[in-house]
Each structure stands twice: as C-alpha cells, then as structure tokens.
Amino acid sequence: MCGICGVVNLGEAERPSKRILHQMLEMLRHRGPDGFGIYSDPHAALGNARLSIIDLATGDQPIGNEDESLWIVFNGEIFNYIELRAELERRGHCFRTQSDTEVILHLYEERGPACLDLFNGQFAIAIWDRRSRSIFLARDRLGVRPVFYARAGNHLLFGSEMKAILAYPGQRAEIDPQALQEIFTFWSVQSPRAIFKGIAELPPGHYLLASPEKFEIRPYWQPEFNPPDRPKSAGEYLEQLETLLIDAVRIRLRADVPVGAYLSGGLDSSLVAALIRRYGQSELETFSIAFSDPAFDESAFQQEVAGFLGTRHNVIHCTYEQIGQVFPQVIWHAEVPLLRTAPAPMFLLSGLVRGKNFKVVLTGEGADETLAGYDIFKEMRLRRFWARQPDSEIRPLLLRRIYRDIANLSDGQMNYLKVFFRQGLTETDSPYYSHLIRWNNTSRLTRFFREPPQPLTHPGQPLPPAFSRWTPLSQAQYLEISTFLSPYLLSSQGDRMAMGNSVEGRYPFLDYRMVQFTANLPDSLKLRGLTEKYLLKQLGAKYLPEQIWRFAR
C-alpha cells in the first residue's frame, strides 16, 4: 500500500524537477510513511511513498525491469501475485524481489494493458516506458484505490490524491461548480470529473495510455448482470458463494505484517471475521466503533461476535465532540465537501488500528451493494409493487416492513412517508427509478447556492448497452455500485479515512469474482420479498450466532 505520483513530459525533452516531485510526494506521506523512492530520467519522474506490507526487505519502489526500459510505481495489492509469479517463472522471467509490484511489471512487459485482466486486487498502477515515452495508468475494477491526473502544458501529472497534483507549480485549487452540484445530488463527484477544475479522476475499471503521439482512456471491465440460462439450485449457489468468499478472504490475508479485521456487529464484517478465524488465522484482533448515542451504537452485537469468535477485541468510543474535533482532518484527507459526518468515526477507527501497530484490516464493505442489503433496493421493490395500484392505501403500509424504527409511527407521520415515497411513483420506465427520490431529495441542498443550478436528473455517464434488459434490482444495483460505492463509500469512508492513518483496508466482498458471481445470482437469492442478502444470511447461519445472521444488518 502506498501513495504514488509522477510528472511525465509529453513534449520536448525537459527533465522534470526532482525538487518538485519531492514536494508532491511529501503531500502523500500519510499514505506511505515507511519510505520514499524516486525514479527520474530526461522525460519522466515517478515517486512512491511506501507503506510496507509485502516483501518488507526488497519491495521498495520504483522498480525497473531487467533492462530498465520499464519503471513502475504502484499503490495497492495484487492478491493473486503468488500464482501469477509462478507462471511467469515457468516462462523464464527472473525476479529480483518478492513483491507483487514486480509481478505487475513483468506481466505488462508480456501483455501490455491486457495484463489487467489477470489481476485480482485493488490498485492504482503507473508504468513508464522509456523506449516509447509512454505512461500507463490503471485503476482496479471497483475503484478501491484512487488515481488523479492533470495536464500542465506538455506535462502530465498524476497522483494518488489531488493534493499531490496541487503541489505542482501553477496548479490551482479552484472548485468546479458542476462537481459541487454532483456532490449535492449524488453525494459524490462522478468520475472522471474531480472537485477541482483541471484535475480528472481515472474511473474504476479504466486505464490511461499517453505518449507524445496519443492520449487515450479505455475501459477494461464493468459489472454485468446476466443470470445464467440454466439456474442452479439454491444449495449449489450457496456452496459456490461459500467457496468464493473463503478464497477471497484467504488471499487477502497475504501480508508480511499482522492482519486484523473491522467488526461492526453486522452480518458482513462478522462473517468475514468468522472466515478468517476458521480458514486463515488461529488468532485475530478485531476493531470496532462504539457510539455514545444509543441510536447508532451497535456495541452489543460487536461484543457478542467477538466473544463467539474468540477475538482480541479493541473498541474506540466515539462522541459528537470527537467527530467535531477531527472533522477538519477528515475534510483534508477526503479532499471533497461531505454531506455526512460518517467518515469521521472511520478516521477515528483507523487511528485505533494504527495505534495497535496494525497496518492491514479486512472489512465487510461491498456486500450491501452486491447482495442487495440497502434499504434503497427494498424501497424500489415496494414502490414498483405500489405503482401497479397507485391509489392503494394498503400497499404503502409495507414501508413499516423496511424501517424498523418507524413501526409505531402515528397516522400523521405515516401519511408524510406516503407522500414522500409517492414522488415519481408511476415513472417506472425511468432507468433511474430506484435512485431518483434520493437524488431529488439531496439536490434540494443546491438551493443554498448563490445561483441555484438546474437539477441534475442523472449522473451523466452512459449506461451499459444491456442495461435496459436487466431486472429492476440489477439496474438499481448497478447504479449503486457506479454512483455511490467507489465515488463515496470506498473513497470518503474507505481509502481516505484508512490511509489518513496509514492503514490498508481489504474487501473480500469486492473480489471481482465475488462481484460477478453475485451479479449473476437470481434476484430471489439476493432480495427475497423484503428480506435483504438472503443467500448471505444462509451462509451466516453456518458460522454465526442466530442473533447476528438473522437480525443484524
């Protein structure tokens, strides 16, 4: 895990300044406090701030190939690097390190951008080719790790965070009003746009290839929701889910430092912790947040799971005062305006992890998006059911089934909910039907702009060609993954808050094999009626107390 940055001259030879690269790299010190490395030639300079996790002795970056025609800096992990390396060695490749970084370099040497198809990981990659004077930037399929870029004359700048690019002379931190409007509608800026003018974010599942002759950005992966022609039995799907998840956990335990786990008390993180204990580590250290406000506190669930699994459990107690105190740091790390304070407890939690001398944690993120765990999926299903009889007084009462905390609402309060969820009720032909209420509700914040803009009705990126043939649940899941998971959850609450304290989060549910498997599940095994994550709960019954797998979220 690291921070990376670089300056590439795509014009006439003009050696990029090492002093400037040092300035850029200094802005990423929190991502990699264990060491700095720089490569420089007349056309390019690459920098790496290292968080040492794999190959502590020889894994320093940048790394060159045998003839030093290719140089790489890399942020993240390739979890299947051991298997890939063995195959490369059989084909005659020689290695100088034990790192996953060098495996990437050799595969790029063989396959070019097609090497990305072989990687199971979370990464941002930069490879400089001295011979062709080309720079290759790539980002993992789900966008777990970030990478930004900008043009400064003939120079292409890139970095793990925008603050590295802003350290380059002449770069200005001028907010893009369109990006700000996206935050006040979708909760986050939608890539390739970034919050600052002149800076772009490489989208998940894309690569960039630039040289003096060309500049191109291409996709190499996106989730596809295509249930098989011959569905299997529920038992067969359950067995396959278990096998995939066990392996996703197992390979994410590969590290030369201790690995811990977040434990929220919910089904997802509890199941990950259980699989670590059963198939990975005989001992496990877990980390949780306990909130002073009982409305948000789930420490009882956390303690039950920790006791059941026999983990060494660590808790940070979070108050409103602490959230207020760290929020300026949270904004500095997030690099965007935030509509919620949720990133602050995650920043405090990663501080607890680092304080216990851990650099790596496994977490349960991704299960809600891929296995239909969020309320927004149940709302979509209920509203489509209601829309078939829009004048029904009985169908909207199912809202009580979704929200446990409104089961005893008064008639007046219930009438308010009916009015709220009736918005656009019969517009079921809209491809954005599942998310329009959320977006319309959030976009009201733009009324506070000096000049309120016209409302945004969709994120702007083209939908996949097959989108119209997907089920309503699949469409909703795709929108959640593409507009919320990477841009907000994995960024403002994930990468940025963990790396702010030099901690790497790993996400078994976002193993691309898991994502594709769950995308192709029958809807009824994800959302059965109004029961979320149905198949995952069946798996949870094998490993967890009933109180957790049946009732915890």
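Source: prediction; values computed, not measured. Side chains are part of it too, since the values below use all heavy atoms of this structure and drop only hydrogens, waters and symmetry mates.
- Between Ser270 and Phe301, the closest side-chain pair of non-hydrogen atoms is not below 4.5 Å.
- Smallest separation of non-hydrogen atoms from Leu521 and Leu525: CD2-CD1, 4.2 Å.
- Closest heavy-atom contact between Leu536 and Ala367: CD2-CB, 4.2 Å.
- Proximity of a side-chain donor or acceptor of Ser502 to a complementary backbone N or O of His30 within less than 3.5 Å is detected.
- Taking the charged nitrogens against the carboxylate oxygens, Arg254 and Glu83 do have a contact shorter than 4.0 Å, which makes a salt bridge.
- The nearest pair of heavy atoms linking Ser211 to Ser134 is CB-CB, 3.9 Å.
- One distance of note links CZ of Arg550 with CG of Leu267; it measures 12.0 Å at 0.5 Å rounding.
- Taking every heavy atom of both residues into account, Leu530 and Arg401 meet most closely at CD1-CB, 3.9 Å.
- To the nearest 0.5 Å, atom OG of residue Ser434 and atom CZ of residue Arg384 are 7.5 Å apart.
- In summary, the side chains of Glu480 and His435 do present a donor paired with an acceptor at a separation below 3.5 Å, with no hydrogens or angles considered.
- Of the inter-residue distances, the one linking Gln461 atom CD with Leu479 atom CG reads 10.0 Å to the nearest 0.5 angstrom.
- Tested against Glu369 for a side chain to side chain contact (heavy atoms under 4.5 Å, CB included), the candidates Leu142, Thr518, Ile481, Leu510 yield a single pass: Ile481.
- Using a 4.5 Å heavy-atom threshold, the side chains of Glu242 and Tyr543 count as touching.
- Atom CD of Glu110 has more than 12 heavy atoms from other residues, nucleotides or ligands within 6.0 Å.
- Residues Pro113 and Tyr108 are in side-chain contact: their nearest non-hydrogen atoms beyond the backbone lie under 4.5 Å apart.
- Enclosure of atom OH in Tyr279 by more than 12 non-hydrogen atoms of other residues, nucleotides or ligands within 6.0 angstrom is indicated.
- Between Trp221 and Tyr512, the ring centre distance reaches or exceeds 6.0 Å.
- Counting non-hydrogen atoms of other residues, nucleotides and ligands closer than 6.0 Å to CZ of Arg218 gives a total of 12 or fewer.
- Taking the six-membered ring where the residue is Trp, His333 and Phe347 present tilted rings, their angle falling between 30° and 60°.
- To the nearest 0.5 angstrom, Leu489 atom CG is 8.5 Å from Asp368 atom CG.
- Under the 3.5 Å distance criterion, the side-chain polar atoms of Ser160 are matched with a main-chain donor or acceptor of Ile4.
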>> Pair Trp470, Glu224 - check side chain to side chain contact (heavy atoms under 4.5 Å, CB included), show working.
In response: CA-CA 9 Å; Trp470 294 346; Glu224 294 285 346; 3.5 Å; yes
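- The backbone N or O of Ser233 sits less than 3.5 Å from a side-chain atom of Glu236, completing a donor-acceptor pair.
- Enclosure of atom CZ in Arg469 is not indicated, since only 12 or fewer non-hydrogen atoms of other residues, nucleotides or ligands lie within 6.0 angstrom.
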>> Using side chain to side chain contact (heavy atoms under 4.5 Å, CB included), reason through Ser350 and Tyr262 one step at a time and then give a plain yes or no.
In response: CA-CA 9 Å; Ser350 68; Tyr262 282 169; 3.7 Å; yes
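- The closest donor-acceptor contact from the side chain of Ser269 to the backbone of Ser264 lies under 3.5 Å.
- Within 6.0 Å of CD on Glu216 lie more than 12 heavy atoms contributed by other residues, nucleotides or ligands.
- Although no hydrogens or angles enter the test, the distance criterion places no donor-acceptor pair under 3.5 Å between the side chain of Arg506 and the main chain of Val361.
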>> Determine whether Leu425 and Tyr433 satisfy the following criterion, side chain to side chain contact (heavy atoms under 4.5 Å, CB included), listing intermediate values before the conclusion.
In response: CA-CA 9 Å; Leu425 180 67; Tyr433 181 78; 3.9 Å; yes
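- The shortest side-chain heavy-atom distance between Tyr81 and Asp55 does not fall under the 4.5 Å cut-off.
- Taking both residues in full, the closest heavy atoms of Thr457 and Tyr432 are given as O-CD1, 4.3 Å, listed atom of the first, atom of the second, then distance.
- In this structure, CD on Gln493 lies 11.5 Å from CG on Leu349, to the nearest 0.5 angstrom.
- Remark: Arg151 qualifies as a cation-pi partner of Phe215 under the 6.0 Å distance and 45° angle criteria applied to the six-membered ring.
- In this structure a side-chain-to-backbone donor-acceptor pair under 3.5 Å is missing from Asp495 to Leu490.
- Within the 4.5 Å cutoff, side-chain heavy atoms of Ile437 are placed close to those of Phe420.
- With salt bridges taken as basic N to acidic carboxylate O contacts below 4.0 Å, none links Glu532 and Arg381.
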>> Let's go through Leu70 and Phe136 carefully: what are the C-alpha distance in whole Å and the side-chain angles of both, what is the deciding distance for side chain to side chain contact (heavy atoms under 4.5 Å, CB included) to 0.1 Å, and is it a yes or a no?
In response: CA-CA 10 Å; Leu70 297 176; Phe136 172 74; over 6 Å; no
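- Donor-acceptor pairing under 3.5 Å is recorded for the side chains of Ser474 and Thr471.
- Side-chain contact between Phe74 and Cys2 is absent, with no heavy atoms from C-beta onward closer than 4.5 Å.
- Tyr488 has its side chain out of reach of Val336: every pair of non-hydrogen atoms, C-beta onward, lies at least 4.5 Å apart.
- In this structure, Asp100 does not pair ionically with Arg85, as no charged nitrogen and carboxylate oxygen lie closer than 4.0 Å.
- Side-chain contact, Gln538 with Tyr237: no donor N or O sits under 3.5 Å from an acceptor N or O.
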Mind listing the side-chain donor-acceptor pairs of residues 199-209 below 3.5 Å, one per line with the distance, residues two or more places apart or on another chain?
unit_1: Glu201; atom_1: OE2; unit_2: Arg139; atom_2: NH1; d: 3.3
unit_1: Glu201; atom_1: OE2; unit_2: Arg139; atom_2: NH2; d: 3.3
unit_1: His206; atom_1: ND1; unit_2: Pro204; atom_2: O; d: 2.8

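- With respect to Ile78, the side chain to side chain contact (heavy atoms under 4.5 Å, CB included) criterion is satisfied by exactly one of Asn120, Leu84, Ile54, Thr101: Leu84.
- Of the possible donor and acceptor atoms, one in the side chain of Arg528 sits under 3.5 Å from a partner among the backbone N and O of Ser524.
- Leu371 has its side chain out of reach of Gln477: every pair of non-hydrogen atoms, C-beta onward, lies at least 4.5 Å apart.
- Not one N or O on the side chain of Asn501 forms a donor-acceptor pair closer than 3.5 Å with the backbone of Val503.
- Residue Leu238 holds its CG atom at 9.5 Å from OG1 of Thr243, rounded to the nearest 0.5 Å.
- For Arg395 and Phe385, the positive end sits near the middle of the six-membered ring, less than 6.0 Å away and at most 45° from its axis.
- Nearest heavy atoms, Pro508 versus Thr363: CD-O, 3.3 Å.
- Sorted by first and then second residue, the side-chain hydrogen bond (donor to acceptor under 3.5 Å, both in side chains) pairs with a member in residues 184-195 read Asp176-Arg193, Glu182-Arg193, Trp187-Thr442, Ser188-Gln190; sequence neighbours excluded.
- A distance-only check finds no donor-acceptor pair linking the side chain of Arg250 to the backbone of Leu275 [under 3.5 Å].
- Distance alone, capped at 3.5 Å, places no donor-acceptor pair between the Arg145 side chain and the Asp140 backbone.
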